[in-house]
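Here is the structure we will look at.
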Amino acid sequence: MKVEIATQLASLIEMSIDDVVKLIEVPKNTEHGELAFPCFVLSKILKKNPVQIAKDLSDKISANNFITVPVGPYINFKANRQVLVKDVISEFLADTDKFGSSDFGQGKTIVVDFSSPNIAKPLAFHHIRSTMIGNSLVKMHRNAGYNVVGINHLGDWGTQFGYIIAAFKDCDEEQINNLNLKEIIDAYVGMNKAAKEDSSVEDMARSCFLDLESGHNKARLIWQKCRDLSLAEFERVYRRLGVSFDSNIGEAFFEDKLENLIKQVENAGITNISDGALIVDLEDYGITTPCLLRKSDGATLYATRDLAAACYRYETYKFDKAFYVTDSGQSLHFKQFFSVLDKMQLPFAKNMYHAPFGVLLVWDETTKEWTKGRTRSGQIVLLEDILDEATKRAMDIIQDKRPDLANKSQVAEQIGIGAVVFNDLKHRRIKDVKFSFEDAINFEGETGPYLQYSAARAASVVRKYGKEIKLPENFNALISDSSFEIIKKVSTLPEVSLRACSEGEPYIIANFCLELAALFNSFYAKVHILDNVDVDSLILIPEMVSKALSKGLSMLGVAVPEQM
RNA sequence: GCCCUGAUAGCUCAGCUGGAUAGAGCACCGGAUUUCUAAUCCGGUGGUCGCAGGUUCAAGUCCUGCUCAGGGUACCA
């Protein structure tokens, strides 16, 4: 429709089709039709009133799939609703499950580095950000046809393991095998405390970490046990969140590859020694602080490991794009690390993307301000505690509103977690997330449960209809303002999800779901579908809405209960 | 000091490539249920788009300067 309009317009005025296409816009107000052309630019060229120009041009354009209406200085184009509705529904019915998916990314691979917690610590509430944003990036790209590799780059190496190993170095093999995670975490905390009072503890930890690095048997055993236990613990939470990874290769894996990496950078001739440290100067990239590859004491750093991991991933997956989902405080690190790759003239350097996000703030009722995920006593807020509380609150509401519902506890889990997850994804990544149970577990308005409810409600109508849904013989019942708006909105899902992919922004999908749900609920209040004479065609509304919402929510990693 | 990010209704946020009257939700006020799920819907109150210039027929959107807030600024990750 756009191209057709542009072609006709271009032949009437002194402009190329491309230029006309650029000027054509989608009006904000739906009453203005599907597309519009502003005539302001022309008034300068033609030296005529834009209102007059709009009238003149509008008379000269004609087609059967839209009508033209001059409104002031604009020419508005209103689609032939019958034609548009038929197109959308035919496409929808051709493959209901695939609607909203695409093969845009066919043959392309992207890797997403996300979640990446440190082991030997529980998952804290703030981990939900990287985990769910990354999970959503994975899901939306898969939906767009990409081959996606989700990587949990575990923090499973570092001097902190010295403390843990020191705590258990006198245990025998059997005792080590019987350790549980709580004992390890307690020991770690205890050793840290002890080190503050007694510097010899720190020395011991350092020597234990050296044992680990040199491959000492028992140190290795303790480390492995700690890793296994932590991962099992993480997996339990990930399962609740519906998150999975294709690789759990962490930092430790790259330890023996760092020397090679450093050689590779040195061979590129871009390294310097500065104050005893091995650096890559990045002044020519407009970055005033250099990237450190090796400290003056010989130890490697974060950037060294990330460089090694990036090279390894490229060799392994030959990715076309790599996302790193971390908080925005690490922006400089990624700028440096990507610039080093570029300076090394590696082919994938231009395909590296940092997807930064704002911090998670928790409302502190006693101080009346937003705090960084710690309680008054300085304790971190555990992710599982939040999920449990959310589930409990969901259950209370179910008991109150749907006492007869089947699988209550399962639905409560889906709703409670859905609320927390959606709350995390509904705004642009860069915004700080301000978390309060009152907002997040509020089930009204722009929330996860509102969307789950809308989807369940739509699905319920379809279930009660109970017959096969076929392409209607005519579309008269579907071209009223309210149903036409819904069909138009549903039809934008493919472009919406592609935009979400290219910007790496889950909130774009979240917004789509909210807008669609609002349109549907409004329609639902006005039109009684099952009693309508046109039920056989109207049933397509809840059918399309429930499918589109399910697809959208699944891209966000929010579960969709069949009934609630 | 330098760099990055943010600033839109009382609160939390949308506003895509500059276009028509700046939109939602929450909160507040008032309505709707013998009818497919009221976790819903309808209406109302509420705005100097941080400030000041500039570009343009047209600026919340682009440019410059400033203010405030947060973060980062080589041997942590």
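Below, read A as the first sequence line, B as the second, and so on, with proteins coming before strands; counting in each chain starts at 1.
Across all strands, A:E251 comes closer than 4.0 Å only to sugar-phosphate atoms, never to a base (heavy-atom distances). In this structure, A:G72 reaches neither bases nor backbone, as no heavy-atom distance under 4.0 Å exists between it and the strands shown. Counting non-hydrogen atoms under 4.0 angstrom, A:I430 reaches the backbone sugars and phosphates but no base. If you check every strand for non-hydrogen atoms under 4.0 Å, A:Q336 touches nothing. A:E25 comes within 4.0 angstrom of a nucleotide base, judged by non-hydrogen atoms across all strands. In this structure, A:T288 reaches neither bases nor backbone, as no heavy-atom distance under 4.0 Å exists between it and the strands shown. Among the heavy atoms of the strands, none lies under 4.0 Å from A:P73.
Using a 3.5 Å distance cut-off with no hydrogens or angles, the side chains of A:N442 and A:T447 do not pair a donor with an acceptor. Side-chain polar atoms of A:Y302 and A:Q330 form a donor-acceptor pair below 3.5 angstrom. There is no side-chain donor-acceptor pair under 3.5 Å between A:D306 and A:Y324.
Residue-to-nucleotide contacts include a donor-acceptor pair under 3.5 Å from the side chain of A:S274 to the base of B:A74.
In this structure the side chain of A:T131 never reaches within 4.5 angstrom of the side chain of A:L123, judged on heavy atoms. A:Y285 places none of its side-chain heavy atoms less than 4.5 Å from the side chain of A:V280. With a 4.5 Å cut-off on side-chain heavy atoms, A:E266 and A:L278 count as touching.
Listed pair A:R428 / B:A14 meets the phosphate criterion, a side-chain N or O lying under 4.0 Å from OP1 or OP2. Dashed line: the shortest gap from a side-chain N or O of A:Y450 to OP1 or OP2 of B:C41 is under 4.0 Å. Put simply, A:K28 has no side-chain N or O that comes within less than 4.0 Å of OP1 or OP2 on B:A22. Close to B:A38, at under 4.0 Å from its OP1 or OP2, lies a side-chain N or O of A:R457. Regarding contacts with the backbone of B:G70, every side-chain N or O of A:K431 stays at 4.0 angstrom or more from both OP1 and OP2. Residue A:K464 places at least one side-chain N or O under 4.0 Å from the OP1 or OP2 atom of B:U37.
Ranked by how close their nearest RNA chain B nucleotide is to the 5' end, A:I24 and A:V41 are led by A:I24. Mapping A:F443 and A:P38 onto RNA chain B via the closest heavy atom, the residue that lands nearer the 5' end is A:P38.
Closest non-hydrogen pair, A:K526 versus A:S482, comes out as NZ-CB, 3.9 Å. Between A:Q452 and A:M564, the closest heavy-atom pair is C-SD, 3.4 Å.
Between the P atom of B:G72 and the NE2 atom of A:H354 lies a distance of 13 Å, rounded to the nearest Å. Atom C1' of nucleotide B:U21 and atom CD of A:E31 are separated by 11 Å, given to the nearest angstrom. Rounded to a whole Å, the CG atom of A:N442 is 13 Å from the C1' atom of B:C11.
Checking B:G46 for Watson-Crick or G-U wobble geometry (two distances, each under 3.5 Å) identifies no partner in any strand. Judged by Watson-Crick or G-U wobble contacts below 3.5 Å, the nucleotide B:A22 has no partner. Judged by Watson-Crick or G-U wobble contacts below 3.5 Å, the nucleotide B:A39 has no partner. B:G60: no Watson-Crick or G-U partner with both key distances under 3.5 Å is found in any strand. B:A74: no Watson-Crick or G-U partner with both key distances under 3.5 Å is found in any strand. B:U55 makes up no base pair with any nucleotide shown, lacking Watson-Crick or G-U wobble contacts both under 3.5 Å. As the counterpart of B:A69, B:U5 is assigned, both hydrogen-bonding distances of the Watson-Crick or G-U wobble pattern falling under 3.5 Å.
On the C1' atoms, B:G46 is 14 Å away from B:G25, given to the nearest whole Å. Look at the C1' atom in both B:A39 and B:U64: the space between them is 50 Å, to the nearest Å. As rounded to the nearest Å, B:G6 and B:G60 have C1' atoms that lie 15 Å from one another. Straight-line distance between the P atoms of B:A32 and B:U21: roughly 35 Å, to the nearest whole Å. Taking atom P in both B:G1 and B:A9, the straight-line distance is 29 Å, to the nearest Å. Taking the C1' atom of each, B:A24 and B:C63 are spaced 31 Å apart, rounded to whole Å. Atom P of B:C29 sits at a distance of 25 Å from the matching atom of B:U34, rounded to the whole Å. B:G50 and B:A38 are spaced 41 Å apart, taking the C1' atom of each and rounding to whole Å.
Under 4.0 Å is where a charged nitrogen must lie from a carboxylate oxygen, and between A:R499 and A:E495 no such pair does. Between A:E515 and A:K489 there is a salt bridge, since a side-chain N of the basic residue sits under 4.0 Å from a carboxylate O of the acidic one.
Taking the side chain of A:L332 as heavy atoms from C-beta on, and the options B:U73, B:A14, B:A77, the nearest nucleotide is B:U73.
At a non-hydrogen distance threshold of 4.0 Å, A:L301, A:Y302, A:R305 from residues 297-308 of chain A come into contact with RNA chain B. Non-hydrogen atoms lying under 4.0 Å from RNA chain B are contributed by A:I398, A:K401, A:R402, A:I415, all within residues 397-416 of chain A. Within residues 511-536 of chain A, the residues approaching RNA chain B are A:N511, A:N521, A:S522, A:Y524, A:A525, A:V527, A:H528, A:I529, A:L530, by heavy-atom distance under 4.0 Å.
By the stacking rule of 5.5 Å between ring centres and under 30° between planes, A:H333 does not stack on the base of B:A77.
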Q: Under the ring pair (Phe, Tyr, Trp, His ring centres under 6.0 Å) rule, what do A:F443 and A:Y453 come out as? Steps first, then yes or no, please.
A: CA-CA 9 Å; A:F443 289 0; A:Y453 175 77; over 10 Å; no
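Relative orientation of the A:F435 and A:F437 rings is perpendicular, given thresholds of 30° and 60° on the angle between their planes.
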